[in-house]
Amino acid sequence: MYCFYSFLLSCALVFLIPFYFFKRTLLRGEGLYLKKRLGYDLPEERNQKQSIWIHAVSVGEVLSLQNLIQELKVRHPSWTINFSSLTNTGFRMAQKKLREVDNIFFIPLDFVPVVKKFFKTFTPKVLILTESEFWPNLLRIAKVEGVSVLLINGRISERSFRRYRWFRFLTKTILKKVDLFLVQTEQDKKRLEKIGINSNRISVAGNLKAEIELPLLSEDEISSLKRELSIQEGKKVIVAGSTRKGEEEQLLEAFLKAKEVRNDILLVLAPRHPERFNEVEKASQNFSFIVQKRTKVNPKDKWDILILDTIGELAQFYALSDIAFVGGSLVPWGGHNLLEPAFYKKPVFFGPHMHNFEFLAEKFAKAGTAKVIRSKEDLVEMFLIRDEEELCDMGMKAKETLESLQGATEKTVAAIEELMLK
């Protein structure tokens, strides 16, 4: 099976590398970092007996691990923490936010000789994967090298569950390499059990993303930021975060109708991917709105739509908002993290497609802290902000709901410590 997988991976790379070179390097000016992913720029080999390797996919997963990594360093300052990411944005965010980490690198391409080189260099005792990131050869070589494998913050969406069940034999072969699964909910545990994972290898630990700690902005800091962004006093700000293709037009149409009723509303659009900044700007201009980009706006500018064309600033925009809309949910993508606006006590809105965060979406909706947009009329109503007292109450309850979900860091640290002692 592994030989066939490696063959397919080789074929995929032959066809995909030219595509990604064109898309990332020529269009976006980003590198593929193939040398780094093949292990040519690794530090000198070292025999570190107390070493762990944590892997996260992208920005959201990186940010969710800040508290965990800080706690590990406080309790075990002698441990070497190695951290890998799959994406360029995740790698950059790790460099910026994970100051306690000793080594940050791209996850190796999943070929046996390459993976072995990384294990030989970093000599981890425990390999820690986040959410649902399973690389067959990485897991297989971990077991060959005697490395314990831990999945943290695990989640199995309905879509992933169906896919895993279709290929149950292959799935079980790969997942049996994981020593312990720390999952977010009871539903995630039940899905793993139905796939064939023994229940004694699964523990419900909660969601690490609920442990989020963001900068608290004072009223003066928010006022200053609003002046910098040319947001006049009395204006209502709706922030649509991590939007996907197919969503902006729906938001813009609803915003246009709402502007016919009240003219004191502003919309901040934060596309999920940087390559779409210009595309979203043009789409907004097609509606005859006054459009500005975050990187170009000055205090004297007027605007109806602001394009957030930076990375890492979405949280502070949620902080200054009156309403937060979570993107990836009006189209069948699966939604994005709704905990950042909840941290800032903001009323949360999202579309019907939140299957990647189904537990959180249901939890917040049932608690009355979030509303589901199910129609064009619902979207217009969101922009109209008819009952500010109700929205303020939603925001307060959102923070309370977030706090009720915390506790995953302690359970995760305990599991890592137990594996390190084996």
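Salt-bridge annotation for E410 and R75: present, with a side-chain N of the basic residue lying under 4.0 Å from a carboxylate O of the acidic one. With respect to K282 and E248, no salt bridge is recorded, no charged nitrogen being found less than 4.0 Å from a carboxylate O. At a threshold of 4.0 Å, the pair E340-K346 does not count as salt-bridged, since none of the basic side-chain nitrogens sits closer than that to a carboxylate oxygen. The residues E358 and R191 are annotated as salt-bridged, a charged nitrogen and a carboxylate oxygen being separated by less than 4.0 angstrom. A salt bridge is absent between D309 and R276; no separation between the charged side-chain nitrogens and carboxylate oxygens falls under 4.0 Å. The pair E228-R294 meets the salt-bridge criterion, with a side-chain N (NZ, NE, NH1 or NH2) lying under 4.0 Å from an Asp/Glu carboxylate O.
No more than 12 heavy atoms of other residues, nucleotides or ligands shown are found within 6.0 angstrom of CD on E389. Within a 6.0 Å sphere centred on NZ of K293, heavy atoms belonging to other residues, nucleotides or ligands number more than 12. Within 6.0 Å of atom NZ in K235, more than 12 heavy atoms from other residues, nucleotides or ligands are found, so the atom counts as buried in its surroundings. Around CH2 of W79, the count of heavy atoms belonging to other residues, nucleotides or ligands within 6.0 Å exceeds 12. Heavy atoms of other residues, nucleotides or ligands lying less than 6.0 angstrom from CD of E279 number more than 12. Within 6.0 Å of NZ on K143 lie more than 12 heavy atoms contributed by other residues, nucleotides or ligands. No more than 12 heavy atoms of other residues, nucleotides or ligands sit less than 6.0 Å from atom CD of E249. Within a 6.0 Å radius of NZ in K190, no more than 12 heavy atoms belonging to other residues, nucleotides or ligands are found.
The closest side-chain heavy-atom distance from I152 to L65 is below 4.5 Å. Between K363 and L402 the shortest side-chain heavy-atom distance does not fall below 4.5 Å. Put simply, the side chain of I416 reaches to within 4.5 Å of the side chain of L72, judged on heavy atoms. Taking the side chain as every heavy atom from C-beta outward, L68 and E71 never approach each other to under 4.5 Å. Side-chain contact check for V268 versus V237: some heavy-atom pair is nearer than 4.5 Å. Between I373 and F350 the shortest side-chain heavy-atom distance does not fall below 4.5 Å. Put simply, the side chain of L330 reaches to within 4.5 Å of the side chain of F325, judged on heavy atoms. Inter-residue side-chain proximity for L306 and L266 is flagged as unmet; no heavy-atom pair is nearer than 4.5 Å.
Checked against a 6.0 Å centroid threshold, the rings of F91 and F106 count as neighbours. You'll find the ring centres of F105 and F118 inside the 6.0 Å limit.
Nearest heavy-atom pair, K259 versus N263, reported as atom, atom and distance to 0.1 Å: NZ-OD1, 3.2 Å. Here the closest non-hydrogen pair linking S84 and W53 is OG-NE1, 2.9 Å. Of all heavy-atom pairs spanning A56 and F83, the tightest one is CB-CZ, 3.7 Å. The minimum heavy-atom distance between W303 and L229, with the atom names listed, is NE1-O, 2.7 Å. The minimum heavy-atom distance between I104 and A94, with the atom names listed, is CD1-O, 3.5 Å. Minimum interatomic distance between G328 and R244 (heavy atoms only, all atoms of both residues): CA-CG, 3.7 Å.
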Given side chain to side chain donor-acceptor pair (under 3.5 Å), test T409 with T412 step by step and report yes or no. CA-CA 5 Å; T409 295; T412 305; over 6 Å; no
Derivation of the side-chain contact (heavy atoms from CB on, under 4.5 Å) call for N298 and D301: CA-CA 6 Å; N298 66 63; D301 288 330; 3.2 Å; yes
N207 and N153: side-chain contact (heavy atoms from CB on, under 4.5 Å), yes or no, with the steps? CA-CA 6 Å; N207 191 336; N153 218 38; 3.2 Å; yes
Derivation of the side-chain contact (heavy atoms from CB on, under 4.5 Å) call for V326 and N337: CA-CA 7 Å; V326 178; N337 188 359; over 6 Å; no
Show your reasoning for whether side chain to side chain donor-acceptor pair (under 3.5 Å) applies to Q316 and E313. CA-CA 6 Å; Q316 73 173 359; E313 283 196 302; 2.9 Å; yes
side-chain contact (heavy atoms from CB on, under 4.5 Å) between I54 and N82: does it pass, once the steps are laid out? CA-CA 6 Å; I54 304 175; N82 306 292; over 6 Å; no
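A cation-pi contact, defined as under 6.0 Å to the ring centre and within 45° of the axis, is absent between K189 and F181.
Taken from CD in E362 to CE in M354, the straight-line distance is 12.0 Å, to the nearest 0.5 Å. Rounded to the nearest 0.5 angstrom, L150 CG and S203 OG are separated by 10.0 Å. Rounding to the nearest 0.5 Å places CG of L63 at 10.5 Å from CG of N67. Note that CD1 of I128 and CG of L182 are 9.5 Å apart. Values are rounded to the nearest 0.5 Å. Distance check, rounded to the nearest 0.5 Å: CG of D179 to OG of S148 gives 5.0 Å. If you take CG on L405 and CG on L339, they are separated by 7.5 Å, rounding to the nearest 0.5 Å.
Under the 3.5 Å distance criterion, with hydrogens and angles disregarded, no donor-acceptor pair is assigned to the side chains of S223 and D220. Between the side chains of E417 and H76, at least one donor N or O sits under 3.5 Å from an acceptor N or O.
Using the six-membered ring where Trp is involved, F289 and F255 have ring planes that are tilted, between 30° and 60° apart.
With R155 as the partner, the side-chain hydrogen bond (donor to acceptor under 3.5 Å, both in side chains) test is satisfied by one option alone out of Q184, E131, Q187: E131.
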